[in-house]
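Structure record follows, encoded as structure tokens.
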Amino acid sequence: MLDLRFVVENRDRVVEMLGRRGLSVDAILAAGDPWALDAERRSVLQKVEQLRHRQRLAGEEIARRGKAGQDASELKADMKGVAEEVKALDGRLQDAEARLGQLMLVLPNLPDPSVPVGPDASANQEVRRVGEPPQLGFTPKAHWDIGTRLGILDFDRAAKISGARFAVYFGAGARLERALIQFMLDLHTKERGYREVIPPYLVTAETLLGTGQLPKFEADLFKTRAGEKDLYLIPTAEVPLTALHRDEILEAADLPRRYVAFTPCFRSEAGSYGKDVRGLIRQHQFHKVELVKLTTPETSLAELDSMVADAEEVLKRLGLPYRVVVLCTGDMGFWSAKTYDIEVWLPGQALYREISSCSSCTDYQARRSSIRYRPAPKEKPRYVHTLNGSGLAVGRTLIAILENGQQADGSVVVPSALRPYMDGLERIV
RNA sequence: GGAGAGGUGGCCGAGUGGUUGAUGGCGCCGGUCUUGAAAACCGGAGUACCGCAAGGUACCGCAGGUUCGAAUCCUGCCCUCUCCGCCA
């Protein structure tokens, strides 16, 4: 969430920055007036604290008289009234704080000044293009045709088992998925300085509140229920990885922290009916190798750049053409301050499709999750910046390999970087 | 699923309802001593919020309650651990 103090003291600026994201003042105020609520909160808080101070002094006096054998019944009677007053005011205070807290949870992050302003994806800006789309010399097929024909992907049987938006991988398909995972993890851990993590795939509501998926985006999640306990399937490893250091104060020397995790991801894809219904593009369950960093505010944008480079390196080594796009204010995620998407070329659709999204969330998640660091001994703790990025989405990488490596005879060439992970297999036939 | 134990400051561990944000120990930081180090001794050290400031308030798993006053009493919840059962 945003820094309440900053919001209160910089009303115009906050309104302007949120406006860039398409959030009008009216829309903000419709959810509640943070400025009025904060004023209420402060004034009540001061009264409560004054009364509590009186209670404390009176308590000491009563104890003293008790020891000295003096009467304190009149003072006690007075303080009973004070206690009731405190209780009433405290109720008002808690009410104001609760409403303010809920309001702050539904305000998105402020965009970084460098982010282009725009209403939707059409205003995103291409940063660079790497690699050339392959000259296939025949009409390229979509991956679902390629994979089905090779017998390595099976959507019909997946539908039988689990319904729409699932896939079964067979043989070389399953092997290719596993090879990609291994390849990506090796790259990030051995060459890029990330520490490998296997986190829980089921998380609590508090965890999702900390990263921002809750309370606003519950419809996108799969929720499980076991007895009285509600747990959510992770939509991305960003959630458990970012939450690793919740309620902690890290040492400056520990930053940046770089984590990489391979996990399945689960998304309900509510509201995406009719979109990407075929193939592996949009599934309820998919694999992702996720990168997460905790950094100081000063280094976060540089670390974002290097994270993008880490994700790009996967594509470079696989020989897949791609471009990097900086998302405009209107297309960014709720908790992001700046996002780069990496889009891979898909010959089957003849367009670039998102295969990675790398964001700096500045201190937005850190504040919600209370992840801080101490800049120097004795100094006050500050919030870290949290960054996350796909490195990469495994299923979509497999799509790109099938579509870019497809041959006229229907076979698929395995990128040489992956062959060591597939017993030297050069071609899927 | 059944039975039991426990959650206090970075860690360990005290705490009779009343100057207890909390004894003590370890670890940590500074100092004295020492050629240096160790030991010993002295001192320091949590987080958040309110306030221009002085200063104040809150926090002993969480939330309520009793009371003039709660780490301490009561209720509910959460978590951890042990044993039994079941199980990959």
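What's counted below: heavy atoms across the whole structure, side chains too, no hydrogens, waters or symmetry copies. So you know, we letter chains A, B, ... as the sequences are listed, proteins then strands, and number each from 1.
Of the P atoms belonging to C52(B) and G46(B), the separation is 24 Å, rounded to the nearest Å. Between G65(B) and U20(B), the distance separating the two C1' atoms is 23 Å to the nearest Å. Only the P atoms considered, G6(B) is 25 Å distant from G64(B), to the nearest whole Å. Rounded to whole Å, the separation between the P atoms of A45(B) and G30(B) comes to 15 Å. Only the P atoms considered, U19(B) is 43 Å distant from A37(B), to the nearest whole Å. The separation of C78(B) from C62(B), taken at their P atoms, amounts to 15 Å, rounded to a whole angstrom. For the C1' atoms, the distance linking A58(B) with A71(B) amounts to 14 Å, nearest Å. Rounded to whole Å, the separation between the C1' atoms of G21(B) and C49(B) comes to 16 Å.
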For salt bridge (Lys or Arg N to Asp or Glu O under 4.0 Å), just list the numbers for K288(A) and E238(A), CA-CA rounded to whole Å, side-chain angles, deciding distance to a tenth of an Å, and then say yes or no.
CA-CA 10 Å; K288(A) 193 147 61 83; E238(A) 167 196 341; over 6 Å; no
Nucleic acid footprint by protein, nucleotides 54-68 of chain B - heavy-atom cut-off 4.0 Å, B for base, S for sugar-phosphate alone
--BBS-----SSS-B
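With sequence neighbours left out, A36(A) forms a side chain to side chain contact (heavy atoms under 4.5 Å, CB included) with D33(A). Every residue was checked against the ring pair (Phe, Tyr, Trp, His ring centres under 6.0 Å) condition with H385(A), not counting sequence neighbours, and none meets it. Residues that satisfy the ring pair (Phe, Tyr, Trp, His ring centres under 6.0 Å) test with F166(A), not counting sequence neighbours, are H284(A).
F183(A) contributes atom CZ, which lies 8.5 Å from atom NE2 of H188(A) (distance to the nearest 0.5 angstrom). Atom CG of L304(A) and atom OG1 of T295(A) lie 9.5 Å apart (nearest 0.5 Å).
Along RNA chain B, the nucleotide nearest P381(A) and the nucleotide nearest R64(A) are compared for position; the residue whose nucleotide lies closer to the 5' end is R64(A).
In this structure, D230(A) places its CG atom 12 Å from P of C78(B), rounding to the nearest Å. Distance, E9(A) CD to G51(B) C1': 13 Å, rounded to whole Å. The CD atom of E248(A) sits 15 Å away from the P atom of G9(B) (whole-angstrom rounding). The CZ-P distance, from R372(A) to G46(B), rounds to 14 Å in whole Å. The distance from atom CG of D247(A) to atom P of C79(B) is 16 Å, rounded to the nearest whole Å.
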Donor-acceptor contacts, no H, no angles, side chain residues 392-399 of chain A, under 3.5 Å, sequence neighbours left out:
| unit_1 | atom_1 | unit_2 | atom_2 | d |
| --- | --- | --- | --- | --- |
| R396(A) | NE | I281(A) | O | 3.2 |
| R396(A) | NH1 | E354(A) | O | 2.8 |
| R396(A) | NH2 | I281(A) | O | 3.0 |
| T397(A) | OG1 | A393(A) | O | 2.6 |

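For R192(A) and E313(A), the salt-bridge test passes: some basic side-chain N is under 4.0 Å from an acidic carboxylate O. For K293(A) and E303(A), the salt-bridge test passes: some basic side-chain N is under 4.0 Å from an acidic carboxylate O.
The closest donor-acceptor contact from the side chain of T189(A) to the backbone of L185(A) lies under 3.5 Å.
Taking 4.0 angstrom as the limit, R374(A) places a side-chain polar atom (N or O) nearer than this to OP1 or OP2 of U47(B).
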Starting at the 5' end of RNA chain B, write a dot or bracket for each base, bracketing those in Watson-Crick or G-U wobble pairs whose two distances are under 3.5 Å and using | for partners on another strand.
((((((((.[[[..)..(.....]]].(((((.......))))).(((((....))))).[[[[[..)....]]]]])))))))....
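Contact annotation for R41(A): backbone-only contact, meaning every heavy-atom pair under 4.0 Å involves sugar-phosphate atoms and none involves a base.
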